[in-house]
There are 2 protein chains.
Amino acid sequence: MNAISDEIKEDYNFISDSLVDIYDQIMRIEESEIKKSRFKDITAKELHLVHTIGLHDHKTTSEVARILRLSKGTLTANLNNLERKGYISRIINQRDRRIINLALTSKGRLLYRAHYAFHRKLVEQCLKGFDGSDIKKMKQALMNVEDFIGEVSGR
Amino acid sequence: MNAISDEIKEDYNFISDSLVDIYDQIMRIEESEIKKSRFKDITAKELHLVHTIGLHDHKTTSEVARILRLSKGTLTANLNNLERKGYISRIINQRDRRIINLALTSKGRLLYRAHYAFHRKLVEQCLKGFDGSDIKKMKQALMNVEDFIGEVSGR
DNA sequence: CCATATTAGTTTGAATATCAAACTATTCTG
DNA sequence: CAGAATAGTTTGATATTCAAACTAATATGG
């Protein structure tokens, strides 16, 4: 156990401990930022759902439920709220009228873009002063995590 | 708008999009991994609480509630469950008998260590092939995020 | 000292979120 | 075309959360 490996070990612990709490804090900040804007009636969970529908435009209810790992019943309840508040719309698929495709309304798209901009600001702050090769490393780290997730969850 | 800044922009978008979903997946995996072990009666939220109590040994109920941003009532309910399942114990502070200090039981410590090991495995996988200076960069990125969180939430 | 204020944690009651299973409407299939 | 399969909703039960009322213990200051 030499000095270098001890230092790396310590770095690993620092990174591990940091990661645990950061996400919770980000969720909380996202919600509180959004509540300062014109979108005061949106919770962090609803924001997450709006983000997912914006990212995966016109997907079906079942597909979105699978992506978010929510039961269909739970998603129906959430969609009712977001539809009532004017952020999403249900579009009956005319080829197969059992299917409902989900889309953002223009209000929903405004929220989506505001949220996306916040995320971008966070990433920019995070990578402040990093050069191209540093950024490549960050991408690599994220891809490694995705691989790990894929392996553990059996793909 | 030259080629390099376009590429960086794309990298930023990649990183931003990746981050959104990774945490949810990690939470889910943590819960499913823990359910494969001897700790089948633990949810992701309870795991988070055990982690916090393990990290901040013998803190008071109010302090833990503040750390996790839970109301005291909610924390009481969660503590009841974890105490019943044998993961934590409430220790009445003899200097001030209003105060309850929270600690892990030996079963709780086993769970804490298993969970911590999983996190370490994740970080190791994430930083696979990285050298000392790369790891420093990762630490810097995390500290930048923490700064950003601090600024936005007004410290 | 003691009456009052303060503090730590619990209980309570209401609101919300979630799930699985039953159900409805529609489409597919043999 | 009858029955199976599929997409989404409804329903009933359970769990989570919060704020406010409450209990017990300690601090304060007259």
Side-chain angles (χ1 to χ4, degrees), chain A residues 24-25 27-28 30-32 34-35 40-53 56-85 87-103, chain B residues 24-25 27-28 30-32 34-35 40-53 56-85 87-103:
Chain A
D24 266 8
Q25 288 182 274
M27 287 288 280
R28 214 164 13 243
E30 282 187 344
E31 180 161 345
S32 75
I34 227 70
K35 292 237 191 265
K40 297 188 200 312
D41 56 354
I42 288 291
T43 65
K45 274 176 189 167
E46 288 172 331
L47 190 56
H48 194 177
L49 179 48
V50 165
H51 176 86
T52 302
I53 294 173
H56 306 279
D57 195 40
H58 279 75
K59 283 248 188 307
T60 69
T61 298
S62 294
E63 283 168 331
V64 171
R66 187 182 46 72
I67 290 167
L68 293 174
R69 264 84 158 186
L70 291 175
S71 72
K72 293 189 295 172
T74 298
L75 184 55
T76 293
N78 289 325
L79 292 174
N80 290 343
N81 292 336
L82 283 177
E83 194 177 37
R84 181 173 41 74
K85 294 178 187 173
Y87 292 95
I88 65 122
S89 59
R90 288 169 155 115
I91 297 159
I92 295 174
N93 185 311
Q94 287 309 325
R95 293 212 190 162
D96 180 344
R97 301 205 337 281
R98 290 170 303 184
I99 293 175
I100 287 182
N101 293 110
L102 299 173
Chain B
D24 266 9
Q25 288 182 275
M27 286 288 279
R28 210 160 20 239
E30 282 187 344
E31 180 162 345
S32 76
I34 226 71
K35 292 237 191 267
K40 297 189 200 312
D41 56 354
I42 288 292
T43 65
K45 275 175 191 169
E46 287 173 331
L47 190 54
H48 194 176
L49 179 49
V50 165
H51 176 85
T52 301
I53 294 173
H56 306 279
D57 195 38
H58 278 76
K59 284 249 187 306
T60 68
T61 299
S62 295
E63 284 168 332
V64 171
R66 187 182 45 72
I67 290 167
L68 293 175
R69 264 84 158 185
L70 291 175
S71 73
K72 292 188 299 173
T74 299
L75 185 55
T76 293
N78 289 322
L79 292 174
N80 289 343
N81 292 335
L82 283 176
E83 194 177 38
R84 182 174 39 74
K85 293 178 187 174
Y87 291 95
I88 65 121
S89 59
R90 289 169 154 115
I91 297 158
I92 295 173
N93 186 312
Q94 287 309 325
R95 293 212 190 161
D96 182 344
R97 301 206 333 283
R98 290 171 301 185
I99 294 175
I100 288 183
N101 294 109
L102 300 173

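Everything numeric here is computed off the predicted structure, so don't read it as measured data.
Atom P of nucleotide dA8(C) and atom CZ of Arg95(B) are separated by 16 Å, given to the nearest angstrom. Atom CG in Asn81(A) sits roughly 9 Å away from atom C1' in dT16(C) (whole-Å rounding). Following rounding to the nearest Å, Arg90(A) (CZ) and dA25(C) (C1') show an atom-to-atom distance of 15 Å. Rounded to a whole Å, the CD1 atom of Ile99(A) is 12 Å from the C1' atom of dC28(C). Residue Arg69(A) contributes atom CZ, which lies 14 Å from atom P of dA20(C) at whole-angstrom precision. Leu70(A) places its CG atom 15 Å from the C1' atom of dT16(C), with the value rounded to the nearest Å. For Gln94(B) and dA8(C), the CD to C1' distance is 15 Å, given to the nearest whole Å. In this structure, Glu83(B) atom CD and dG9(C) atom P are separated by 13 Å, rounded to whole Å.
Under the side chain to side chain contact (heavy atoms under 4.5 Å, CB included) rule, Lys59(B) has a single partner from Leu102(B), Ile67(B), Asn101(B), which is Ile67(B). Applying salt bridge (charged side-chain N to carboxylate O under 4.0 Å, His left out) to Glu46(B) and the options Lys40(B), Lys85(B), Arg84(B), Lys35(B) leaves one that passes, Lys85(B).
With the nearest nucleotide of DNA chain C identified for both Arg98(A) and Gly73(B), Gly73(B) has the one nearer the 5' end. The residue among Asp96(B) and Ser71(A) whose nearest nucleotide of DNA chain C is located toward the 5' end is Asp96(B).
Put simply, chain B comes within 4.0 Å of DNA chain D, heavy atom to any atom, from dT16(D) to dT26(D), going 5' to 3'.
The OG1 atom of Thr74(B) sits 10.5 Å away from the CG atom of Leu79(B) when rounded to the nearest 0.5 Å. Separating the CD atom in Glu30(A) from the CD1 atom in Ile42(A) is a distance of 12.5 Å, to the nearest 0.5 Å.
Annotation: side chain of Tyr87(B) is not in contact with side chain of Leu49(B) (no heavy-atom distance under 4.5 Å). You'll find the side chain of His48(A) reaches within 4.5 Å of the side chain of Leu68(A), heavy atoms only.
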Q: Run the numbers on Asn78(B) and Leu82(B) for side chain to side chain contact (heavy atoms under 4.5 Å, CB included), then give the verdict.
A: CA-CA 6 Å; Asn78(B) 289 322; Leu82(B) 283 176; 5.6 Å; no
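Side-chain nitrogen and oxygen atoms of Ser62(B) include at least one within less than 4.0 Å of the OP1 or OP2 phosphate oxygen of dG9(C). Contact check, Arg97(A) against dT26(C): a side-chain N or O comes under 4.0 Å of OP1 or OP2.
Residue-level contact check: Thr76(B) touches the bases, meaning some heavy atom is under 4.0 Å from a base atom. Using a 4.0 Å heavy-atom cutoff across all strands shown, Thr61(A) reaches sugar-phosphate atoms only and no base atom.
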